[in-house]
There are 2 protein chains.
Amino acid sequence: MGVAKTEIFTDQQNEIALFAKALGHPARVSILEHLFRIDSCVCGDLVNEIGLAQATISQHLKELKNLGLIQGSVEGTSVCYCINKENWTKMKSLLSTFLDQDIQNTSSCC
Amino acid sequence: MGVAKTEIFTDQQNEIALFAKALGHPARVSILEHLFRIDSCVCGDLVNEIGLAQATISQHLKELKNLGLIQGSVEGTSVCYCINKENWTKMKSLLSTFLDQDIQNTSSCC
DNA sequence: TTGAATCATCGTAATATTGCAATGAACAAA
DNA sequence: TTTGTTCATTGCAATATTACGATGATTCAA
């Protein structure tokens with residue numbers, strides 16, 4: 001009932017799902033793209049760049065931060081967010097493995 | 001609310017999010033893994049393999065089907081599902097491009 | 001100290017998702 | 001035709017997600 005039954009799946013399946021879920025909203029996709037694009041660690045501009053309320057952006061940032069995909073450091077009155085490359089790489093290899101699993105299997109049936 | 005504001009994002013961002021969302025539940029990850037593993041197009045066994053009710057599995061299959069990631073064909077009393085390789089490949093390249101965007105940018109700040 | 005700026009959190013509303021029992025539809029075998 | 005099998009759909013309940021205004025907390029500048 002609204003709760004995913006994580007206990008019947010493998011750790012890897014749950015982890016893939018968690019990362020994928022984080023990418024499952026265009027605002028978070030956009031945030032991550034911005035953080036990659038802006039070389040310097042600009043932050044609060046995300047609210048201006050993306051057309052969502054400050055509270056909403058902050059909420060999405062929190063999710064990405066909880067997952068470890070980004071990290072933030074306070075700089076005066078503003079907070080500097082950027083990609084956590086280590087965890088990004090981890091996610092990338094996890095998802096890539098999943099996405100590449102068709103290479104071995106070329107037969108099709110329907 | 002609870003509705004994602006898709007209109008303020010690019011088509012690509014929305015598409016990435018849609019595909020990622022489909023992978024954002026361990027049951028669907030598991031279903032896709034099974035469909036890749038079983039070479040022959042076995043189907044209803046998904047209910048036995050995964051520990052969820054038949055109605056629930058059917059619902060997840062419907063989602064994956066609507067997105068075009070899998071397809072099904074009726075075979076007597078059972079339905080044969082398998083990966084839609086064309087769309088899978090499309091998703092893979094879309095997500096891979098997104099996941100690989102860090103290659104160009106090596107600087108870090110926080 | 002006061003005020004402005006920036007960001008997080010809280011509270012709330014609207015909607016989406018997850019899960020299942022019950023039921024329906026289609027088909028094959030008896 | 002009847003019965004059993006397989007899968008889809010419906011109808012619900014529980015929970016999660018998305019979004020935003022209002023309000024705090026923190027920091028810098030005056």
Side-chain angles (χ1 to χ4, degrees), chain A residues 1-9 13-14 17-31 34-35 40-67 70-82 110, chain B residues 1-9 13-14 17-31 34-35 40-67 70-82 110:
Chain A
M1 312 139 186
V3 203
K5 282 195 161 181
T6 56
E7 71 275 9
I8 64 176
F9 302 104
Q13 286 167 341
N14 283 316
L18 273 183
F19 279 128
K21 204 186 208 175
L23 306 181
H25 193 288
R28 290 191 291 271
V29 170
S30 177
I31 286 173
H34 275 292
L35 291 184
S40 72
C41 205
V42 192
C43 319
D45 334 67
L46 286 171
V47 178
N48 300 323
E49 300 270 359
I50 307 171
L52 289 174
Q54 183 263 326
T56 308
I57 297 287
S58 190
Q59 205 173 352
H60 284 302
L61 286 169
K62 189 181 178 186
E63 267 184 79
L64 293 172
K65 198 171 156 196
N66 286 342
L67 242 188
I70 65 176
Q71 54 194 311
S73 61
V74 178
E75 293 203 349
T77 73
S78 61
V79 177
C80 163
Y81 281 107
C82 63
C110 341
Chain B
M1 297 108 206
V3 202
K5 282 195 160 181
T6 56
E7 70 275 10
I8 63 175
F9 302 103
Q13 287 167 341
N14 283 315
L18 273 183
F19 279 127
K21 204 187 209 175
L23 306 182
H25 192 288
R28 290 191 290 272
V29 170
S30 176
I31 286 174
H34 274 292
L35 290 184
S40 72
C41 206
V42 192
C43 320
D45 335 67
L46 286 171
V47 178
N48 300 322
E49 300 271 359
I50 307 171
L52 289 173
Q54 182 265 324
T56 307
I57 297 288
S58 190
Q59 202 174 353
H60 284 302
L61 286 169
K62 189 180 177 185
E63 266 183 79
L64 293 172
K65 198 171 154 195
N66 285 342
L67 242 188
I70 65 174
Q71 54 194 311
S73 61
V74 180
E75 294 202 349
T77 73
S78 62
V79 177
C80 162
Y81 281 107
C82 62
C110 340

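Proteins come first, then strands; the chains are lettered A, B, ... in the order of their sequence lines, and each starts at number 1. Values below: every heavy atom of this structure, side chains too, minus hydrogens, waters and symmetry copies.
Across all non-hydrogen atoms, the minimal contact from L52(B) to V47(B) is O-CG1, 3.6 Å. Closest non-hydrogen pair, V29(A) versus L23(A), comes out as CG2-O, 3.3 Å. Closest approach of G72(A) and Y81(A) over heavy atoms only: CA-CD2, 3.6 Å. What you find for I50(A) and A27(A) is that their closest heavy atoms are CD1-O, 4.2 Å. Between G51(A) and I8(B) the shortest heavy-atom distance is O-CD1, 3.6 Å. R28(B) approaches K21(B) most closely through the heavy-atom pair NH2-O, 3.4 Å.
Distance L46(A) CG to dA19(D) P: 15 Å, rounded to the nearest Å. dT5(D) atom P lies 15 Å from atom CG of D45(B), rounded to whole Å. Protein atom CD1 of I8(A) is 10 Å distant from nucleotide atom C1' of dG19(C), rounded to whole Å. Atom CD in E7(A) sits roughly 13 Å away from atom C1' in dT18(C) (whole-Å rounding). Atom P of nucleotide dT6(D) and atom CD of E49(B) are separated by 15 Å, given to the nearest angstrom. The nearest whole Å value for the distance from the CD1 atom in I50(A) to the P atom in dC7(C) is 13 Å. Computed from coordinates, the H25(A) NE2 to dT17(C) P distance equals 11 Å when rounded to whole Å. Taking atom NZ on K21(A) and atom C1' on dA16(C), their separation rounds to 11 Å, with Å as the unit.
Comparing dC20(C), dA8(C), dA19(D) by their closest approach to the side chain of K5(B) singles out dA19(D). Of the candidate nucleotides dA8(C), dT18(D), dT9(C), dT9(C) has the atom lying nearest to any side-chain atom of K62(A).
Remark: T56(A) is in phosphate contact with dC20(D), judged by side-chain N or O atoms under 4.0 Å from OP1 or OP2. In this structure, H60(B) does not reach the dT17(C) phosphate: none of its side-chain N or O atoms is under 4.0 Å from OP1 or OP2. Dashed line: the shortest gap from a side-chain N or O of S58(A) to OP1 or OP2 of dC7(C) is not under 4.0 Å. At dT6(D), none of the side-chain N or O atoms of Y81(B) fall inside 4.0 Å of OP1 or OP2 (strictly under the cut-off).
Atom OG1 of T56(A) sits about 11.0 Å away from atom CG of L61(A), to the nearest 0.5 Å. A distance of 8.0 Å separates CG in L64(B) from CG in L35(B), rounded to the nearest 0.5 Å.
Between H25(A) and H60(A), the ring planes are tilted. Angles from 30° to 60° get that label.
Across the helix from dT1(C)-dA30(D) to dA30(C)-dT1(D), the helix axis at one end is tilted relative to the axis at the other end by 10° (nearest 10 degrees, each axis from five pairs).
Using a 4.0 Å heavy-atom criterion, one finds that S78(B) contacts the sugar-phosphate atoms exclusively. L52(A) comes within 4.0 angstrom of sugar-phosphate atoms only, judged by non-hydrogen atoms across all strands, and of no base. As judged by a 4.0 angstrom heavy-atom cut-off over every strand, K65(B) is placed among residues making no nucleic acid contact.
Along DNA chain C, the nucleotide closest to I57(A) and the one closest to Q59(B) are compared, and the more 5′ of them pairs with I57(A). With the nearest nucleotide of DNA chain D identified for both L61(B) and R28(A), L61(B) has the one nearer the 5' end.
Residues S58(B) and K62(B) form no side-chain contact, since every pair of their non-hydrogen atoms from C-beta on lies 4.5 Å or further apart.
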Review point. When every nucleotide of nucleotides 21-30 of chain D is labelled 5' to 3' by its protein contacts under 4.0 Å (heavy atoms), B for base, S for sugar-phosphate only, - for none, what sequence of letters results?
Key: B-----BS--
